[in-house]
Amino acid sequence: MTLANAAYLGIERFASDRDKENWSNATENDKAALIRAVYKQVLGNQYVMASERLEGPESLFRRGYLTVREFVRQVAKSGLYRAKFFENCNAYRFIELNFKHLLGRAPQNKAEMLHHFTILQEQGYDAEIDSYLDSAEYQERFGEEVVPYIHGFNYYVGQQGLQFSYVLQLARGVGASVRGDALKTQSRLNPAVHAEKPLPVVSPNAKGSIFRGVNSDGITRQGVGAGEEGRTFRVEITGFNNYRLHKRSNRVLFVPFNKLLQVQQQVQRQGGRIASLTPVN
């Protein structure tokens with residue numbers, strides 16, 4: 001089922017990605033289409049160069065030694081996937097992309113995020129990937145021979161209402177890929193998922209649409225990197241006299257609570273002193 005406003009919301013293309021199933025009598029062209037579909041889904045619609053393709057697993061799949069699920073597992077455990085989504089990404093970003101690429105939806109709540117974060121920390125990368133592909137949810141929806149697809153914007157039994165707004169933060173635009181995401185390696189969902197709050201759903205064509213939570217944006221502008229408690233302080237600094245570092249002797253900074261000590265030490269090293277410290281929220 002496709003939403004009436006799917007085109008407006010930028011999710012129309014996902015409606016045609018659902019009929020990618022392997023058959024015992026599939027032709028070479030069918031198998032080539034399935035391989036492309038797996039790369040597209042698992043790698044977040046990014047272009048795969050010929051030198052990056054997994055020739056060994058592709059050959060095994062074409063010869064019938066791998067099911068679609070096992071081919072998905074090979075791609076998700078490959079050095080290519082690891083380099084794109086794990087080595088340079090925030091851990092929560094890695095987890096939310098695993099949900100999207102392997103289960104076709106966003107994490108539903110804080111408990112799911114923490115569950116997979118614990119697996120990643122205690123059992124490692126491979127166990128984190130296996131936890132999606134070996135889950136009852138994956139087996140029930142995709143089985144052994146269906147390529148995973150984005151479905152989280154539809155309602156189904158057991159789905160929480162927040163899922164709709166979360167998945168639309170991860171899957172937007174006709175040609176959108178993970179590579180073009182404005183937030184790059186940072187998690188889109190973690191603050192909202194931990195707070196169990198919905199995120200605004202805005203058309204990709206709307207002016208100023210960058211799919212960020214309005215509430216969290218306010219804190220972020222005032223103190224980049226504020227902790228989960230969101231406490232930010234206005235710090236007035238005076239006495240700077242090294243004009244190679246500072247054009248003015250006085251400065252005002254907005255600093256998250258957990259970085260106050262670091263800023264204080266930096267100010268002292270540079271010859272300044274803190275004139276006042278005021279909470280702003």
Side-chain angles (χ1 to χ4, degrees), residues 10-22 30-62 66-107 116 120 125-135 138 141-142 144-153 166-189 204 211:
I11 56 176
E12 190 176 26
R13 74 179 173 90
F14 298 111
S16 60
D17 285 347
R18 303 184 173 201
D19 301 322
K20 303 295 190 302
E21 182 177 0
N22 194 22
D30 293 333
K31 291 184 181 295
L34 289 168
I35 289 171
R36 288 196 300 272
V38 169
Y39 281 132
K40 180 180 177 181
Q41 169 63 25
V42 179
L43 298 178
N45 202 31
Q46 295 192 61
Y47 179 75
V48 181
M49 295 186 291
S51 60
E52 295 177 322
R53 298 184 66 142
L54 308 177
E55 294 183 359
E58 280 190 32
S59 176
L60 291 173
F61 176 73
R62 290 178 189 277
L66 291 182
T67 63
V68 169
R69 183 169 74 108
E70 293 308 313
F71 183 54
V72 168
R73 193 190 308 272
Q74 293 291 322
V75 176
K77 288 187 176 181
S78 68
L80 180 60
Y81 189 91
R82 192 180 181 107
K84 287 181 181 294
F85 307 120
F86 176 67
E87 293 177 350
N88 297 314
C89 281
N90 177 289
Y92 287 110
R93 175 64 168 166
F94 175 60
I95 291 170
E96 71 187 22
L97 289 177
N98 288 341
F99 269 99
K100 174 191 170 187
H101 296 157
L102 304 178
L103 291 183
R105 64 173 177 86
H116 285 276
L120 184 62
Y125 178 93
D126 286 354
E128 161 67 2
I129 297 298
D130 288 338
S131 67
Y132 301 92
L133 297 174
D134 294 336
S135 67
Y138 185 98
R141 181 169 292 276
F142 307 119
E144 290 291 330
E145 302 296 355
V146 175
V147 178
Y149 53 83
I150 302 293
H151 61 87
F153 41 79
Y166 290 167
V167 78
L168 287 180
Q169 312 302 314
L170 301 178
R172 304 295 296 272
V174 174
S177 72
V178 172
R179 186 175 182 178
D181 194 311
L183 292 184
K184 303 298 181 184
T185 60
Q186 299 302 310
S187 172
R188 276 191 172 278
L189 304 178
F211 318 126

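Note that these values count all heavy atoms, side chains included, but never hydrogens, waters or copies made by symmetry. The model shown is predicted, which means the values in this text are computed figures rather than measured ones.
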Without hydrogens or angle criteria, can the side chains of Tyr125 and Glu87 be said to hold a donor-acceptor pair below 3.5 Å? no
Pick one: which of Tyr81, Phe94, Tyr92 meets ring-ring contact (aromatic ring centres under 6.0 Å, His included) with Phe86? Phe94
Verify, without hydrogens or angle tests, whether [X] (side chain) and [Y] (backbone) share a donor-acceptor contact under 3.5 angstrom.
X	Y	value
Gln46	Tyr39	no
Glu144	Thr67	no
His151	Leu103	yes
Ser131	Glu128	yes

Euclidean distance, [Y] [atom2] relative to [X] [atom1], rounded to 0.5 Å:
X	Y	atom1	atom2	value
Asp134	Ile129	CG	CD1	11.0 Å
Glu145	Glu70	CD	CD	10.0 Å
Glu55	Leu60	CD	CG	12.0 Å
Glu96	His101	CD	NE2	9.5 Å

Which heavy-atom pair separates [X] from [Y] by the least distance, and what is that distance?
X	Y	result
Phe85	Leu43	CZ-O, 3.6 Å
Pro57	Leu66	O-CD1, 3.6 Å
Leu189	Ala106	CD1-CB, 3.8 Å
Asn88	Ala83	ND2-O, 3.9 Å
Pro148	Gln41	O-CG, 3.2 Å

Aromatic contact between Tyr138 and Tyr132, with the criterion being ring centroids under 6.0 Å apart: yes or no? no
Do [X] and [Y] have side chains that get closer than 4.5 Å, going by heavy atoms?
X	Y	value
Val72	Phe142	no
Arg53	Ile35	yes
Phe71	Glu58	yes
Leu170	Arg105	no
Val146	Val68	no
Val75	Leu80	no
Tyr149	Lys40	no
Asp130	Lys77	yes

Using the ring of each side chain (for Trp, its six-membered ring), is Phe99 parallel, tilted or perpendicular to His116, with breaks at 30° and 60°? perpendicular
Check this for me, if you would: do Asp126 and Arg73 make a salt bridge, where the nitrogen-to-carboxylate-oxygen distance has to be below 4.0 angstrom? no
